[in-house]
Protein chains: 2
Amino acid sequence: MTELLTQNILNHITLSKKELESFCSLFNQKEVRKKHFLMQEGEICKFEGFVTKGLFRVYHIDSNGFEQVLYFAQENWWITDIDSFTNEKPSQLYIQALEDSEVLLISKKDKEFAYNKIPKIEKLFRVMTQKTHIALQRRIIDNLSKTADQRYIDFIEKYPKLFQRLTNVQIAAYLGISHEFLSKIRRKIASKK
Amino acid sequence: MTELLTQNILNHITLSKKELESFCSLFNQKEVRKKHFLMQEGEICKFEGFVTKGLFRVYHIDSNGFEQVLYFAQENWWITDIDSFTNEKPSQLYIQALEDSEVLLISKKDKEFAYNKIPKIEKLFRVMTQKTHIALQRRIIDNLSKTADQRYIDFIEKYPKLFQRLTNVQIAAYLGISHEFLSKIRRKIASKK
DNA sequence: TCAAAACATTGAACAAGTTCAATAAATGAA
DNA sequence: TTCATTTATTGAACTTGTTCAATGTTTTGA
């Protein structure tokens, strides 16, 4: 059950078998059925999660009622609202399962406990946050400099598997364009081949 | 000389006077004259910096020769290319002084040294990275959901002082629009008042 | 102090992306 | 299977933002 998780951890840092077991035992498994929510706007995010099965979208609804996807999380991805979780304030995000899914959740208290008991865990999360940080910077630059066509092509190349599990509505909400326009982009690309 | 720095640190964590001095002594001051570069594309970022005077812009030049500003860093801000610094790979960014400036620089080795000698420093950087992370997420959502007019108004409200030190070309490169269009936005806003 | 360079504004033509409404295709639950 | 719902496509009119070229203004450095 925590196989994927241990593998993921060992990709970032080295831990003894004991430390691994100790850390993994702090997680609780949760099933989330398709279309159900792991979290909704206004709630305080009580967990940091690791997806072991399925697919989630993390999104925001703006004042005009439009949805923007911050990121998708499939198997082997971490998922949380870092702002709400860290600062214990109401979230502005929704986390919804796009397929029947399973996550391993760790509470803030248990995470703090792990930081103290296994100092290398602090490094784990620092390294992970840095990686996300780099990806976010990359995305800002891409959003500023690239046209929607190019961002769509990049998305397919970067996440070919994920792409196949998503509808155009979801992809458009990630790229920041209307799904109608995405449809026109798809036609243009198809006609070029 | 390290007054601003110690103040900044104590905003995040608590350190003894000795620890503070020990940590601060790892920094070297550097002057950067207006228009000069602290780092250029292709270099490996060897430092993490803290601005004590002046103003920098951190930007990228895309394949069409357009510049996108990732962020500005004025007094009391940290500055680095986290990707290049962390992974010791060539940077894709330029860091340029927009005014005569001064920074305190710490090398990777000395930062690692500090992590080991003063474990709370690890927390300092984790907390700072998290804050930046949250700001980046916010910016992505804003870029996806808001019109250029609104992003400009938000920018002025959020950074009223910084705004006055920047040219329209720089602000436009941050907002992701042409400076001509920014000029038209300014006219529109002015006429409404 | 003065010429050059950088900065800001404007208009006109154009390109990128949205909105709305209509229709077709795919999916899913009973 | 079937019918309702969700998803995808398309066109036309519209809005947002770009590009380019011209002009005026401010800053700067020799």
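Protein chains get the first letters and strands the later ones, always in sequence-line order, with residue 1 at the start of each.
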side-chain contact (heavy atoms from CB on, under 4.5 Å) between A:Phe125 and A:Lys111, intermediate numbers included = CA-CA 10 Å; A:Phe125 283 97; A:Lys111 201 179 153 201; 3.7 Å; yes
ask   = OP1 or OP2 of D:dA8 sitting under 4.0 Å from any side-chain N/O of A:Arg186?
value = no
key: Distance in angstrom units between B:Leu182 CG and C:dT10 C1', rounded   = 14 Å
query = Between the side chains of B:Gln137 and A:Asp83, is a donor N or O closer than 3.5 angstrom to an acceptor N or O?
reply = no
task = Identify, residue by residue, the members of residues 150-174 of chain A with a heavy atom below 4.0 Å from DNA chain C, and return them in order of residue number, or none.
result = none
ask   = Are OP1 or OP2 of D:dG17 and a side-chain N or O of B:Thr147 less than 4.0 angstrom apart?
value = yes
B:Glu180, nearest nucleotide to its side chain (from D:dG17, D:dT6, C:dT10) = C:dT10
ask   = Is a donor-acceptor pair below 3.5 Å formed from side chain B:Lys184 to base D:dT19, judging by atom type as modelled?
value = yes
ask   = Which of these, B:Tyr71, B:Phe50, B:Phe85, sits in a ring pair (Phe, Tyr, Trp, His ring centres under 6.0 Å) with B:Trp78?
value = B:Phe50
request  = Compare side-chain N and O positions of B:Arg187 against OP1 and OP2 of C:dT10 and report whether any pair is under 4.0 Å apart.
outcome  = yes
ask   = Expressed in angstrom and rounded to an integer, what is the separation of B:Lys35 atom NZ from D:dT27 atom P?
value = 13 Å
query = Parallel under 30°, tilted from 30 to 60°, perpendicular over 60°: which one fits the rings of A:Phe163 and A:Tyr152?
reply = perpendicular
ask   = Given atom CD of A:Glu99 and atom P of C:dG28, what is their separation to the nearest angstrom?
value = 11 Å
Any donor-acceptor pair under 3.5 Å from B:Thr147 side chain to B:Gln150 backbone = no
request  = Could you check how far CD1 of B:Ile177 sits from C1' of C:dA16, rounded to whole Å?
outcome  = 15 Å
task = Nearest whole angstrom, please: distance from the C1' of D:dG29 to the CZ of B:Arg33.
result = 12 Å
remark   = note: A:Asn64, atom CG; C:dC20, atom C1'; distance rounded to Å ~ 16 Å
ask   = Hey, which of these two, A:Ser178 or B:His179, hits DNA chain C nearer its 5' end, going by closest nucleotide?
value = B:His179
query = Quick one: B:Phe181 CZ to C:dC14 P, roughly how many Å, whole number?
reply = 19 Å
task = Decide yes or no on salt bridge (charged side-chain N to carboxylate O under 4.0 Å, His left out) for A:Lys146 and A:Asp142, but give the supporting numbers first.
result = CA-CA 5 Å; A:Lys146 291 181 178 171; A:Asp142 286 352; 3.5 Å; yes
remark   = Looking only at C:dG17, C:dA8, D:dG17, the nucleotide nearest the B:Ser183 side chain is C:dA8
request  = Calculate the interatomic distance between A:Leu98 atom CG and D:dT7 atom C1'; express it in whole Å.
outcome  = 14 Å
4.5 Å side-chain heavy-atom contact, A:Ile171 and A:Phe155 = yes
task = Examine D:dT28: is either OP1 or OP2 under 4.0 Å from a nitrogen or oxygen in the side chain of B:Lys34? Give yes or no.
result = yes
